[in-house]
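Bear in mind that the values here come from a model prediction, so they are computed numbers and not experimental data.
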Amino acid sequence: MPQDRSRIIRRLRSALLAAVGVILFLIGAGYVIITQFPSVGAYGADLLRDVVGDQAVARLETASLEIQDAVHTAAHKLGHLKPLAPWALVTRENPATPPPLAPPAAESTRVAPPRWPPRPLAPLGSVQGEGQWLAYLSDSTGATVAYRTFLQPDSTRPYAVVAIVAFDLEKTALEFVLGTEEPASKVSVDRPGTIPAVDRCPGRLLAVFNGGFKARHGYFGVRVGGVTVIPAREGFGTVEVAADGHTRIGIWGTDIVPSRDARFWRQNGPLIVHDGQVNPHTADTDPLNWGFTVAGVTATWRSALGISADDKTLFYIAGPSLTMRALARAVAACGASQAIQLDINSYWVHFEAIHAAESRLHAQPLLESMKNGTGRYFSPYSRDFFYVVAAR
């Protein structure tokens, strides 16, 4: 009997060590895939969820991202990972930045500052050019309809530089496309996964960027083309474009109420910024609120969509090594009054500026690190996405 017991213990120990080895291997492999092959990691994680479930994959992703974060932190401390501006600060297209703010006038003569171009932002870090808006996209008349800048929202990760694009909603319009597969629903609805031909032409299409989570990661509401694909969830953040083209971001049930005439609306968890204030729950990890994805305190690629208090400026915000709290801080700092988080992780966070040359459209990623999958929105795409067009 003692020998049998000893044999059983040895077998259990061997099995435990083997299980630990497999887990460590998966975590290590996940780290390599996330950093070197983001598209493989993104689609591989989707396949793995069908096998082991959302929560198990979220834990593996979290562990892999924590390794990546530790490597980045160590590299920064050793001087190998320095915070840098994501683009040239002065080019032929941008010979100068918008002028700095003038000193405030006396109360009796004070007037409201011009809305466009956006006013320079107060730097959050130390990189030269932070908070300076540069001309980015123009309409067919040559008028600048979008500017871009960057911020460093996390003092513990100064290498995490966030790109911000500001669109003039008086000269542009936000549109939405349902993916061929996501957000998944049993509701019968047309799913072309492509930009309509009327908008996919030079002088009209300006930019395209990622949507929100898959349906299984929160079952957040979606309505498009007069069809409610997934019912809205009360109290959750929603981006809506009304029948008259007016864009709003707010809380469903208070700021935004049901309307059959809305052109589309899309939810993706609670607002991360409400009335200009960061949601204090952005560090919470409740999957019922934020979906079965990596925790809000985990540093990864994140994106968001915000809007100014007057609903006239739309902001797209994205960057690497961001906790949800850091993302929300950048959103609030750029001047957004209301904002929701969009998709996360390196492959799914993707923004393309659209330029025309020889009557053809060409996609140019917002950031150098977004080159994986350039042009993905020109073909039927499995995930939902937004795009911006010049106003007619």
Donor-acceptor contacts under 3.5 Å from residues 321-328 side chains, at least two apart:
unit_1 : atom_1 : unit_2 : atom_2 : d
T323   : OG1    : A326   : N      : 3.1
R325   : NH1    : N279   : O      : 3.4
R325   : NH1    : T282   : OG1    : 3.3

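The side-chain heavy atoms of E175 and V241, taken from C-beta on, include no pair separated by under 4.5 Å. Side chains of I272 and I340 form no contact here, defined as non-hydrogen atoms less than 4.5 Å apart. Using a 4.5 Å heavy-atom cutoff, the side chains of T313 and R115 are in contact. Side-chain atoms of I307 and T247, non-hydrogen and from C-beta on, do get closer than 4.5 Å to each other. Two residues are said to be in side-chain contact when any heavy atoms from C-beta on lie closer than 4.5 Å; R376 and Y347 meet this criterion. Side-chain contact check for W301 versus S369: some heavy-atom pair is nearer than 4.5 Å. Between M370 and V349, some side-chain heavy-atom pair lies under the 4.5 Å cut-off. Side chains of E130 and L124 form a contact here, defined as non-hydrogen atoms less than 4.5 Å apart.
Annotation: side-chain hydrogen bond (donor to acceptor under 3.5 Å, both in side chains) contacts involving residues 189-199, sequence neighbours excluded, comprise D199-R204, D199-Y387. Listed by first and then second residue, the salt bridge (Lys or Arg N to Asp or Glu O under 4.0 Å) pairs that reach into residues 305-324 are E170-K312, sequence neighbours excluded.
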*Apply the test side-chain contact (heavy atoms from CB on, under 4.5 Å) to residues I249 and L305: give CA-CA distance (whole Å), side-chain angles for both, the deciding distance (0.1 Å), then the verdict.*
CA-CA 9 Å; I249 297 177; L305 192 64; 4.1 Å; yes
*Pair L206-V145, side-chain contact (heavy atoms from CB on, under 4.5 Å): steps then yes or no*: CA-CA 9 Å; L206 298 172; V145 296; 3.7 Å; yes
*Should R248 and H246 be marked as a side-chain contact (heavy atoms from CB on, under 4.5 Å) after you check the CA-CA gap, both sets of side-chain angles, and the distance that decides it?*
CA-CA 7 Å; R248 294 184 299 171; H246 184 77; 3.3 Å; yes
*Please step through side-chain contact (heavy atoms from CB on, under 4.5 Å) for the pair L361 and L205, ending with a clear verdict.*
CA-CA 9 Å; L361 298 178; L205 185 61; 4.1 Å; yes
*Check the pair R157 / D69 against salt bridge (charged side-chain N to carboxylate O under 4.0 Å, His left out), numbers first and verdict last.*
CA-CA 9 Å; R157 300 176 179 87; D69 189 40; 2.9 Å; yes
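W265 belongs to a hydrophobic cluster whose other members, connected by ILVMFWY side-chain contacts under 4.5 Å either directly or through intermediates, are W252, I256. Grouping Ile, Leu, Val, Met, Phe, Trp and Tyr by side-chain contacts under 4.5 Å, direct or through others, puts L81 with Y159.
Across all non-hydrogen atoms, the minimal contact from P158 to Q152 is O-NE2, 2.9 Å. When every heavy atom of W116 is checked against every heavy atom of D168, the shortest pair comes out as CH2-N, 3.4 Å. Taking all atoms of both residues into account, the shortest heavy-atom contact from Q338 to L271 is OE1-CD1, 3.8 Å. Minimum heavy-atom separation, V165 to A146: CG1-CB, 4.3 Å. Taking all atoms of both residues into account, the shortest heavy-atom contact from L342 to N268 is O-ND2, 3.3 Å. When all heavy atoms of V161 and P86 are compared, the closest pair comes out as CG1-CD, 3.9 Å.
The residues D244 and R263 are annotated as not salt-bridged, no charged nitrogen and carboxylate oxygen being separated by less than 4.0 angstrom. Between K214 and D343 there is no salt bridge, since no side-chain nitrogen of the basic residue lies less than 4.0 Å from a carboxylate oxygen of the acidic one.
One finds the CG atom of L137 at 9.5 Å from the OG1 atom of T172 (value rounded to the nearest 0.5 Å). Note that CH2 of W87 is 7.5 Å distant from CG of L134, once rounded to the nearest 0.5 Å. Put simply, CZ on F150 and CG on L121 are 10.5 Å apart, with the number rounded to the nearest 0.5 Å. Summarising the geometry, atom CD belonging to Q132 is positioned 7.0 Å from atom OG1 belonging to T149; distances are rounded to the nearest 0.5 Å. Rounding to the nearest 0.5 Å gives a distance of 12.0 Å between SG of C201 and CD1 of I354. Of the inter-residue distances, the one linking L366 atom CG with S303 atom OG reads 11.0 Å to the nearest 0.5 angstrom.
For the residue pair D261 / S259, no side-chain donor-acceptor distance below 3.5 Å is found, with atom types taken as modelled. At a cut-off of 3.5 Å, with distance as the only test, a side-chain donor of H350 or E352 sits close to an acceptor on the other residue. For the residue pair Q267 / T238, a side-chain donor-acceptor distance below 3.5 Å is found, with atom types taken as modelled.
Two different hydrophobic clusters hold Y219 and V239 under the rule that ILVMFWY side chains link at heavy-atom gaps under 4.5 Å. A single hydrophobic cluster is seen to contain both V227 and F264, as judged by linkage of ILVMFWY side chains at heavy-atom distances under 4.5 Å, directly or through other members. Residues V189 and I230 are members of one and the same hydrophobic cluster, defined by side-chain heavy-atom contacts under 4.5 angstrom among Ile, Leu, Val, Met, Phe, Trp and Tyr.
Every residue meeting the salt bridge (charged side-chain N to carboxylate O under 4.0 Å, His left out) condition with R266, not counting sequence neighbours, appears here in chain and number order: D384. Listed by chain and residue number, D139 satisfy the side chain to side chain donor-acceptor pair (under 3.5 Å) test with T141 (two or more places apart in sequence, or in another chain). Taking the ring pair (Phe, Tyr, Trp, His ring centres under 6.0 Å) definition, one finds that F209 meets it with Y316, F351, F386, sequence neighbours left out. Shown here are the ring pair (Phe, Tyr, Trp, His ring centres under 6.0 Å) partners of F315, two or more places apart in sequence or in another chain: there are none. Every residue two or more places apart in sequence or in another chain was checked for a ring pair (Phe, Tyr, Trp, His ring centres under 6.0 Å) with F213, and none qualifies. Under the salt bridge (charged side-chain N to carboxylate O under 4.0 Å, His left out) criterion, R329 pairs with no residue at all, not counting sequence neighbours. Residues forming a salt bridge (charged side-chain N to carboxylate O under 4.0 Å, His left out) with E234 (at least two apart in sequence, or on another chain): none.
Here Y147 and Y136 keep their ring centres 6.0 angstrom or further from each other.
With W348 as the aromatic partner, R383 meets the cation-pi criteria of under 6.0 angstrom to the ring centre and within 45 degrees of the ring axis. Cation-pi check for R233 over F236 is met; the charged atom lies under 6.0 angstrom from the ring centroid and within 45 degrees of its normal.
S64 places a side-chain N or O within 3.5 Å of a backbone atom of L60 that can act as its donor or acceptor partner. Although no hydrogens or angles enter the test, the distance criterion places no donor-acceptor pair under 3.5 Å between the side chain of E240 and the main chain of A242.
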